[in-house]
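Throughout, numbering of the chain's residues begins at 1 and tracks the sequence.
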Amino acid sequence: MHVHIHTGDGEAKIWLEPEIELAKNYHLTRSQLREIENIIEAHYDEFRNNRNAHFKN
């Protein structure tokens with residue numbers, strides 16, 4: 001499971017499983033990536049539950 005992040009500054013792909021890990025980064029700063037990781041950690045259960053609900057159908 002992974003997410004894609006697109007901003008005006010760049011984009012990234014982040015694996016959520018087996019653990020949160022940066023897969024690719026295009027032009028985002030370390031600070032931006034830390035902020036993104038914090039958001040993902042705070043909302044991890046929502047990501048997982050929404051993914052499971054989406055693929056359940």
Side-chain angles (χ1 to χ4, degrees):
M1 181 168 63
H2 66 275
V3 292
H4 293 268
I5 293 85
H6 299 271
T7 74
D9 296 327
E11 58 188 84
K13 175 181 176 182
I14 299 180
W15 291 108
L16 302 179
E17 292 180 347
E19 60 187 47
I20 297 171
E21 181 180 6
L22 179 65
K24 296 186 183 207
N25 175 31
Y26 300 98
H27 309 294
L28 296 177
T29 65
R30 289 186 187 270
S31 175
Q32 289 170 312
L33 292 169
R34 273 193 304 273
E35 183 178 350
I36 290 165
E37 184 175 336
N38 289 337
I39 292 168
I40 289 171
E41 287 175 351
H43 297 277
Y44 179 81
D45 289 337
E46 292 173 64
F47 286 118
R48 189 184 66 228
N49 292 340
N50 288 335
R51 178 194 171 269
N52 290 344
H54 175 76
F55 287 105
K56 185 177 181 180
N57 297 327

I need the [X] [atom1] to [Y] [atom2] distance, nearest 0.5 Å.
{"X": "E17", "Y": "Y44", "atom1": "CD", "atom2": "OH", "answer": "4.0 Å"}
{"X": "D9", "Y": "Q32", "atom1": "CG", "atom2": "CD", "answer": "4.5 Å"}
{"X": "I20", "Y": "I14", "atom1": "CD1", "atom2": "CD1", "answer": "8.0 Å"}
{"X": "E37", "Y": "E21", "atom1": "CD", "atom2": "CD", "answer": "10.0 Å"}
{"X": "H43", "Y": "N38", "atom1": "NE2", "atom2": "CG", "answer": "10.5 Å"}

query = Just wondering, are more than 12 heavy atoms of other shown residues or ligands nearer than 6.0 Å to CD in E35?
reply = no
message = Just checking K24: does its NZ atom have more than 12 heavy atoms from other residues, nucleotides or ligands closer to it than 6.0 angstrom?
response =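 Counting other residues, nucleotides and ligands, NZ of K24 stays at 12 neighbours or fewer.
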inquiry  = Is the ring pair H4/H6 parallel, tilted or perpendicular, if the boundaries are 30 and 60 degrees?
reply    = parallel
key: same_hphob_cluster(L22, L28) at 4.5 Å side-chain heavy-atom cutoff   =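 As far as the 4.5 Å side-chain criterion goes, L28 and L22 are connected within one cluster.
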message = Are M1 and I5 linked, directly or through intermediate hydrophobic residues, by side-chain heavy-atom contacts shorter than 4.5 Å (ILVMFWY only)?
response = yes
inquiry  = Taking side-chain hydrogen bond (donor to acceptor under 3.5 Å, both in side chains) as the definition, give me every residue that meets it alongside D45, ordered by chain and number, with sequence neighbours left out.
reply    = R48
query = Where do F47 and L16 come nearest, in terms of heavy atoms and distance?
reply =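 Shortest heavy-atom separation between F47 and L16 comes out as CB-CD1, 4.0 Å.
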